[in-house]
Amino acid sequence: MTSRTLRVLGIDPGLTRCGVGVVDVARDRSATLVHVGVIRSAVDDPIERRLATIAAGIRAVVAEHGPAVVAVERVFAQHNRSTVMGTAQASGIALLVAAEAGLPAATHTPSEVKAAVTGYGAADKRQVQTMVARVLRLDALPQPADAADALALALCHAWRTPASIPAASGGLTPAQRAWAEAETRAKTPTRVARTKIRTGA
């Protein structure tokens, strides 16, 4: 990592498979793969041991690669209650480890991540894997999908928070400025609509 890049640890939380991905992202949105993997816990272990396994795995990644920020997938409602509970527990562990290490943490919804990486909020896993591989210039699609999702989370966070990436000579690059302007244009109609509702216009 250089002073001109931001190192982000993306975490796709899960009890059986917790995807982790570390990338270095520059202000021009170019990115380099640092680490990718999956932390696994045994399904027949008691819940406290499974969570301890996930925590130990994340701590090891933080210690080895020294990210500046952690991005975690935000838990959302699912039909399978046991699945969402496990995801929520693993998400809490990820945020706890970030706090223990003194690292800022952020959460992003799956649709936010898909939109940031592919331009389409309802993209399927294959599309996400393909774009992640293209952005990181990988020879093969990152496997399994949990690992690709973790990398996508890291990319999403860096691209959505450009001010957090150190500049080479101050200010945004043309590419990053265009990205920020596009983000502003996308948000403006929503703010105007809300203003009209409040004022009765």
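Treat the numbers as computed from the prediction; the structure is a model and nothing was measured.
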With a 4.5 Å heavy-atom cut-off, do Arg134 and Thr130 have their side chains touching?
yes
Verdict with reasoning, Leu141 to Arg126, per side chain to side chain contact (heavy atoms under 4.5 Å, CB included)
CA-CA 9 Å; Leu141 299 184; Arg126 180 78 175 188; 3.4 Å; yes
Whichever hydrophobic residues join Val97 through chains of side-chain contacts under 4.5 Å:
Leu9, Ile11, Leu15, Val20, Val22, Val34, Ile39, Ile47, Leu51, Ile54, Ile58, Val61, Val62, Val70, Val72, Ile93, Leu95, Leu103
For a quick test of reading the model, state the closest non-hydrogen atom pair linking Glu73 to Pro13 and the distance between them.
CB-CD, 3.7 Å
Keeping Ser30 on the side-chain end and Ala26 on the backbone end, is there a donor-acceptor pair under 3.5 Å?
no
Group every Ile, Leu, Val, Met, Phe, Trp and Tyr by side-chain heavy-atom contacts under 4.5 Å, then state whether Val132 and Leu33 land in the same group.
yes
Can you name the closest pair of heavy atoms from Cys156 and Val113 and give their distance?
SG-CA, 3.8 Å
Could you give me the CA-CA distance, side-chain angles and deciding distance for Arg40 and Thr53, then say whether side chain to side chain donor-acceptor pair (under 3.5 Å) is met?
CA-CA 8 Å; Arg40 302 178 187 273; Thr53 298; over 6 Å; no
Check this for me, if you would: do Asp12 and Arg17 make a salt bridge, where the nitrogen-to-carboxylate-oxygen distance has to be below 4.0 angstrom?
no
To the closest 0.5 Å, what do you measure between CG (Leu155) and CZ (Arg29)?
9.0 Å
With rounding to the nearest 0.5 Å, note down the distance linking OG1 in Thr32 to CZ in Arg7.
9.5 Å
Apart from Val43 itself, what residues make up its hydrophobic cluster, given side-chain heavy atom links below 4.5 Å?
none
Closest non-hydrogen contact found for Val117 with Trp159 is CA-CZ3, 4.1 Å
Which pair of heavy atoms, one from Ala150 and one from Gly21, lies closest together, and at what distance?
CB-N, 3.5 Å
Judged by atom type as modelled, is there a donor-acceptor pair below 3.5 Å linking the side chain of Arg50 to the main-chain atoms of Asp44?
no
Determine which pairs satisfy ring-ring contact (aromatic ring centres under 6.0 Å, His included) with at least one residue from residues 124-150, sequence neighbours left out, and list them in order.
none
Are Val135 and Val23 connected into the same hydrophobic cluster when the rule is that any two of I, L, V, M, F, W, Y join if their side-chain heavy atoms are below 4.5 Å apart?
yes
Supply the atom-to-atom distance Arg74 CZ to Thr87 OG1, rounded to the nearest 0.5 angstrom.
15.0 Å
Does any part of the side chain of Arg160, heavy atoms only, come nearer than 4.5 Å to the side chain of His108, both counted from C-beta?
yes
Rounded to the nearest 0.5 Å, what's the gap from CD on Gln129 to CG on Leu151? Could you check?
10.0 Å
On a heavy-atom basis, the closest approach of Ala98 and Ala105 is CB-CB, 4.0 Å
Looking only at non-hydrogen atoms, find the nearest pair between Gly14 and Ala90 and report the distance.
N-CB, 3.5 Å
Are Leu138 and Met131 in one and the same hydrophobic cluster, where Ile, Leu, Val, Met, Phe, Trp and Tyr link if side-chain heavy atoms are under 4.5 Å apart?
yes
